[in-house]
Amino acid sequence: MIKFFLMVNKQGQTRLARYYEHIEINKRTMLEAEVIKNCLSRSKDQCSFIEYKDFKLVYRQYAALFVVVGINETENEMAVYELIHNFVEVLDKYFSRVCFQIMFNLDRVHIILDEMVLNGCIVETNRNRILAPLFVLDKVSES
């Protein structure tokens, strides 16, 4: 099960955070700081899976953007690794410049993530089905 999903820039600033388990706000900031420090300090040659406390971290770097997912011990790391890549591909398909557009369209990014992950479980990976609600929203807002 996915515990949390983070998008972070190279400066360590959280751009998107979605938690699938209840964690108090002050503990979230400490958790994010530690997770970000662990992931950003690793070289590109190191593995993208990290055992951290009672869960695992799976991360990928795309230019200046890190996507970090916290999972429990039973979740398949490679499946989550591919989920991250699929998520970024969906963002790329919807937005022309992912890193720049995320800041101004967080509501759309949350919709995309919610279409892919529900209560910590991966529910959809098909790009067209993930983007269908957004295209409907875009049509409604145009008219």
Side-chain angles (χ1 to χ4, degrees), residues 1-138 140-141:
M1 184 175 149
I2 296 173
K3 295 183 176 227
F4 59 85
F5 195 100
L6 302 173
M7 292 180 70
V8 182
N9 66 11
K10 275 190 174 180
Q11 289 76 36
Q13 299 168 319
T14 303
R15 295 297 179 206
L16 173 103
R18 170 74 77 193
Y19 289 85
Y20 298 100
E21 288 184 347
H22 175 73
I23 300 174
E24 295 175 18
I25 298 294
N26 57 348
K27 290 184 180 178
R28 284 183 186 189
T29 54
M30 288 179 9
L31 174 71
E32 287 177 23
E34 292 173 14
V35 164
I36 291 166
K37 186 182 87 175
N38 278 335
C39 293
L40 267 62
S41 65
R42 295 172 66 89
S43 71
K44 289 186 179 188
D45 297 331
Q46 290 179 299
C47 181
S48 294
F49 310 138
I50 305 171
E51 294 209 14
Y52 177 77
K53 293 188 179 180
D54 62 337
F55 52 90
K56 298 176 189 174
L57 300 174
V58 179
Y59 73 95
R60 280 186 97 150
Q61 180 181 1
Y62 294 91
L65 191 67
F66 283 83
V67 180
V68 184
V69 180
I71 59 174
N72 63 11
E73 302 84 25
T74 60
E75 189 71 43
N76 184 335
E77 295 97 340
M78 285 305 294
V80 174
Y81 192 72
E82 286 302 312
L83 171 75
I84 294 170
H85 186 67
N86 192 36
F87 176 70
V88 172
E89 284 182 339
V90 171
L91 290 177
D92 192 46
K93 186 173 179 179
Y94 187 72
F95 301 112
S96 56
R97 294 181 57 205
V98 172
C99 291
F100 180 72
Q101 295 292 334
I102 287 173
M103 290 291 297
F104 303 108
N105 296 290
L106 274 176
D107 58 331
R108 306 288 181 177
V109 177
H110 276 280
I111 290 170
I112 291 170
L113 185 56
D114 290 343
E115 288 293 319
M116 297 178 79
V117 180
L118 179 67
N119 292 331
C121 297
I122 301 167
V123 293
E124 186 62 71
T125 57
N126 183 291
R127 288 182 211 131
N128 293 328
R129 285 192 290 232
I130 292 166
L131 291 175
L134 285 172
F135 292 145
V136 170
L137 282 173
D138 290 344
V140 168
S141 65

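Note that these values count all heavy atoms, side chains included, but never hydrogens, waters or copies made by symmetry.
Surrounding CG of Asp107 are more than 12 heavy atoms belonging to other residues, nucleotides or ligands, all under 6.0 Å away.
When all heavy atoms of Met1 and Asn119 are compared, the pair lying nearest together is CE-O, 3.7 Å. Taking every heavy atom of both residues into account, Ala17 and Leu6 meet most closely at CB-CD2, 3.6 Å. Shortest non-hydrogen contact noted between Arg127 and Asn86 is NE-OD1, 3.5 Å. Shortest non-hydrogen contact noted between Ile50 and Cys39 is CD1-SG, 4.1 Å.
For the 3.5 Å distance criterion, the side chains of Asp45 and Ser43 fail to qualify, holding no donor opposite an acceptor.
Both cation-pi conditions hold for Arg60 and Tyr81: the charged atom is under 6.0 angstrom from the six-membered ring centre and inside a 45 degree cone around its axis.
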Exercise for review: Go through the steps for Leu134 and Val136 under the test side-chain contact (heavy atoms from CB on, under 4.5 Å), then give the verdict.
Suggested key: CA-CA 5 Å; Leu134 285 172; Val136 170; over 6 Å; no
Review point. Step by step, would you call Asn72 with Asp54 a side-chain contact (heavy atoms from CB on, under 4.5 Å)?
Key: CA-CA 7 Å; Asn72 63 11; Asp54 62 337; over 6 Å; no
Review point. Given the rule in the side-chain contact (heavy atoms from CB on, under 4.5 Å) test, do Val68 and Asn38 qualify, once you have shown the distances and angles that lead to the verdict?
Key: CA-CA 11 Å; Val68 184; Asn38 278 335; over 6 Å; no
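The shortest side-chain heavy-atom distance between Phe66 and Asn9 does not fall under the 4.5 Å cut-off. In this structure the side chain of Val58 reaches within 4.5 angstrom of the side chain of Ile71, judged on heavy atoms. Val8 is not listed as a side-chain neighbour of Arg15, based on a closest heavy-atom distance of 4.5 Å or more.
Here Phe4 and Phe55 bring their ring centres to under 6.0 angstrom of each other.
Rounded to the nearest 0.5 Å, atoms CZ (Arg28) and CD1 (Ile23) are 6.5 Å apart. Rounding to the nearest 0.5 angstrom, the gap separating the CE atom in Met7 from the CD1 atom in Ile84 is 10.5 Å. Note that OH of Tyr59 is 13.5 Å distant from CD1 of Ile36, once rounded to the nearest 0.5 Å.
Taking the six-membered ring where tryptophan is involved, the planes of Phe135 and Tyr94 are tilted, since the angle between them lies from 30° to 60°.
When the options Leu118, Val117, Asp114 are evaluated for a side-chain contact (heavy atoms from CB on, under 4.5 Å) with Val123, the one that passes is Leu118. With respect to Lys56, the side-chain hydrogen bond (donor to acceptor under 3.5 Å, both in side chains) criterion is satisfied by exactly one of Glu75, Glu73, Glu51, Glu77: Glu77.
Residues that satisfy the side chain to side chain contact (heavy atoms under 4.5 Å, CB included) test with Arg129, not counting sequence neighbours, are Glu124, Asn126. Annotation: side chain to side chain contact (heavy atoms under 4.5 Å, CB included) contacts of Cys47 (sequence neighbours excluded): Arg42, Phe49.
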